[in-house]
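Heads up, the thing below is written out as structure tokens.
What you are looking at is a predicted structure, and each value in this text was computed from that prediction instead of being measured. One-based numbering, in listed order, for ligands and for the atoms of each.
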Amino acid sequence: MKELDSMLKGTMEEISGRVTKVSELRQKIGQDVLLRGWVYRHRRTGNLAFVVLRDGTGIVQCAIKNDENDKSAWDAANDVFIDSVVYAYGQVANDERAPGGVELRTKDFKVDFKGEPFPVSKDQSAEFLLDVRHLWVRSQYMTDILKFKAFLMRTCRSFLDERGFLEFQPPMFVGNAAEGGATVFEVQYFNRKAYLSQTGQLYSEAMISGYPLVYVYAPSFRAEPSRTPRHLTEFWQLEPEMAFYDQAMNMKLQGELVETICTEAAKKQPDILKKFGRDPSDLAAIKAPFDKMTYGDAIKKLQGMGLKIEWGDGIGLDEEKMLVKDNTQPVFLTNQPKEMRAFYMKINPDDTRTVKDADMLAPEGIGEVIGGSERVSDYNELVKRLKDLGQKEEDYKWYVDLRKYGTVPHSGFGMGSERMVRWLLKLDSIRDAIAFPRTMNRVEP
Ligand code: 4AD
Ligand code: MG
């Protein structure tokens with residue numbers, strides 16, 4: 001029996017045990033290996049066929065010579081589509097011209113599943129690629145982004161775990177709109193209304209009097225009507241909450257987290273960074289503590305740039321862009337006016353027009369990637385803050401109740417994972433920072 005036929009005999013587990021991963025080929029120069037994967041590209045020049053195979057760990061070119069292969073292998077190599085499932089058997093050879101630096105000198109080739117002509121290629125419009133996202137997620141482009149995002153999420157978790165934080169899971173069905181009624185998704189919940197969670201924060205605040213350092217890494221839902229390159233309706237938010245932390249400690253922790261993400265990425269993901277046009281040394285140079293700019297100073301700076309803006313006006317996407325367009329380091333925008341900030345933010349004792357908050361603005365015109373604040377920990381202050389903002393105390397009954405028992409000064413923040421990935425990989429749109437983006441006009445695929 002032929003070598004390849006005998007290697008494909010047995011159970012799925014036995015066959016899988018004989019397969020070599022593309023990422024391991026550099027260590028197998030000169031050896032005969034079995035590869036399994038999907039056709040990434042294919043072409044033929046005369047008596048030589050090239051099938052580039054991908055297996056999730058990388059891509060490798062399989063060269064199939066007509067005169068060195070059986071007719072069945074030659075025919076098979078010439079009768080594939082992109083994403084057909086194939087097996088290739090042959091010798092690993094150094095080849096500087098080939099992608100990845102190695103090539104398979106193929107001795108036998110089999111098509112396991114041919115399928116239909118693959119409808120997707122990278123030259124298609126962004127909208128089309130979103131329509132066929134269930135197929136586009138197979139691309140090297142998406143795989144690289146998702147590998148990087150998984151790395152980022154792992155790095156965040158170990159950063160916090162090493163500092164003694166406890167991860168817990170908040171509910172996704174909630175009874176209130178913690179981040180404002182304008183962006184809350186309402187759902188029918190049996191015979192009452194409920195909402196999809198915009199933040200885990202209020203639940204984190206309930207946890208910290210039991211365990212002082214906690215975090216949530218979960219989806220957040222926002223009915224964002226805006227079609228911007230930085231808004232999703234469903235995104236993954238990292239939210240640490242810390243008892244006995246004031247806002248200075250809160251910002252210090254955020255700086256350390258972002259510095260760690262950047263230096264680790266530069267060290268451990270240089271290949272992916274370079275593919276996306278990001279010089280790893282840009283990220284290795286990100287160093288906390290980051291500068292702070294008060295809202296008041298930001299308004300002056302914007303006025304100096306010729307913008308018609310006054311104290312009390314909101315700082316939106318365009319203004320943030322202007323503030324950080326020439327930065328190479330993130331900067332904290334602090335002390336925003338209390339009227340436009342969330343009810344849970346503590347009023348600044350030194351300037352009672354403002355709260356003890358900070359948005360971390362990423363450089364290169366990216367803008368907000370983290371929002372955080374010191375929280376109101378006093379019962380009466382919280383009730384007054386809700387009242388001043390025109391909100392009803394009974395909508396936040398259990399949250400207000402926390403201030404009656406063992407309440408302590410505390411702070412926390414929320415980091416948008418997709419915004420971080422967009423910044424670090426220089427993506428045009430946040431939609432590519434998540435496998436199946438949810439936006440105003442898209443819940444499928
Ligand atoms: O500033 P936000 O709304 O803050 C909160 O939700 C607080 N409860 C966080 C906390 O203190 N625990 O959101 C936090 C971050 C933003 O800085 C941004 O990175 C991201 O979440 N974010 C979004 N990302 C993608 N699409 C959206 N629609 C987002 N809205 C916020
Ligand atoms: Mg915010």
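- Although no hydrogens or angles enter the test, the distance criterion places a donor-acceptor pair under 3.5 Å between the side chain of Gln198 and the main chain of Gly180.
- Looking at Thr199 next to ligand 1, an N or O pair under 3.5 Å apart turns up.
- Ion pairing between a basic and an acidic side chain is recognised when a charged N comes within 4.0 Å of a carboxylate O; Arg438 and Glu224 show no such pairing.
- Proximity of Tyr344 to ligand 1, defined as any heavy-atom pair under 4.0 Å, is confined to the side chain (atoms from C-beta onward).
- Residues that satisfy the ring pair (Phe, Tyr, Trp, His ring centres under 6.0 Å) test with Tyr379, not counting sequence neighbours, are absent from this structure.
- Under the 3.5 Å distance criterion, the side-chain polar atoms of Glu418 are left unmatched by any main-chain donor or acceptor of Ala433.
- Every atom of ligand 1 with a heavy atom of Glu239 under 4.0 Å away is listed here by number and element: 7 (C), 8 (N), 9 (C), 10 (C), 12 (N).
- Closest to atom 15 (C) of ligand 1 among all protein heavy atoms lies Gly414 O, 3.5 Å.
- Minimum interatomic distance between Asp83 and Arg138 (heavy atoms only, all atoms of both residues): OD2-NH1, 2.6 Å.
- Under 4.0 angstrom from ligand 1, there are no non-hydrogen atoms of Thr183.
- Proximity to Ile370 (heavy-atom distance under 4.0 Å) selects the following atoms of ligand 1: 17 (O).
- Neither side chain, Gln237 nor Thr199, offers a donor N or O lying under 3.5 Å from an acceptor on the other.
- For ligand 1, the polar-atom distance check finds no N/O of Gly372 at less than 3.5 Å from any of the ligand's N/O atoms.
- Phe276 and Tyr141 have their aromatic ring centers within a separation under 6.0 angstrom.
- Under 4.0 angstrom from ligand 1, the non-hydrogen atoms of Gln237 all belong to its side chain.
- Contact annotation for Val369 and ligand 1: only backbone heavy atoms (N, CA, C, O) come within less than 4.0 Å of the ligand.
- Of all protein heavy atoms, the one closest to atom 11 (O) of ligand 1 is Arg375 NH2, 2.9 Å.
- Judged purely by distance below 3.5 Å, without hydrogens or angles, the side chains of Tyr344 and Glu179 pair a donor atom with an acceptor atom.
- When side chains are defined from C-beta on, Leu273 counts as touching Leu425, because their heavy atoms get closer than 4.5 Å.
- Nearest protein heavy-atom neighbour of atom 16 (C) of ligand 1: Glu368 OE2, 3.2 Å.
- Only the side chain of Arg419 comes within 4.0 Å of ligand 1, counting heavy atoms alone; its backbone N, CA, C and O stay farther away.
- Of the protein's heavy atoms, Arg222 NH1, 2.9 Å lies nearest to atom 3 (O) of ligand 1.
- In this structure, the side chain of Arg385 engages the main chain of Lys338 through a donor-acceptor pair within 3.5 Å.
- Some N or O of Glu179 is nearer than 3.5 Å to an N or O of ligand 1, by distance alone.
- With Tyr203 as reference, Trp398 is the one residue of Trp398, Phe168, Phe173, Tyr215 to meet the ring pair (Phe, Tyr, Trp, His ring centres under 6.0 Å) rule.
- For ligand 1, one of its N or O atoms has an N or O atom of Gly416 under 3.5 Å away.
- Put simply, the side chain of Arg341 never gets that close to the backbone of Lys356: no donor and acceptor are under 3.5 Å apart.
- Among Tyr215, Trp423, Phe221, Phe235, the residue whose heavy atom lies nearest to atom 25 (C) of ligand 1 is Phe235.
- Against a heavy-atom cut-off of under 4.0 Å, Glu224 is close to the following atoms of ligand 1: 28 (N).
- At least one donor-acceptor pair under 3.5 Å links the side chain of Gln124 to the backbone N or O of Pro119.
- In this structure, Arg163 is positioned above the aromatic face of Phe159, its NZ or CZ under 6.0 Å from the six-membered ring centre and within 45° of the axis.
- No salt bridge links Lys397 with Glu394; every basic N to acidic carboxylate O contact stays at or beyond 4.0 Å.
- Distances between N or O atoms of Gln198 and those of ligand 1 include no value under 3.5 Å.
- Note on ligand 1: Arg230 sits in its first shell, one or more heavy atoms being nearer than 4.0 Å.
- With a 4.0 Å cut-off on non-hydrogen atoms, Phe413 touches ligand 1 through its backbone and not its side chain.
- Within 6.0 Å of CE on Met440 lie no more than 12 heavy atoms contributed by other residues, nucleotides or ligands.
- When hydrogens are left out, the protein atom nearest atom 28 (N) of ligand 1 is Leu232 O, 2.9 Å; that is the closest non-hydrogen contact.
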For the pair Glu364 and Arg422, evaluate salt bridge (charged side-chain N to carboxylate O under 4.0 Å, His left out) and give the outcome as yes or no after the intermediate values.
CA-CA 11 Å; Glu364 302 163 8; Arg422 177 178 177 230; over 6 Å; no

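- Between Ile430 and ligand 1, not a single N/O pair is under 3.5 Å apart.
- Protein N/O/S atoms closer than 2.8 Å to the Mg ion (ligand 2), listed by chain and residue number, are Glu368 OE2.
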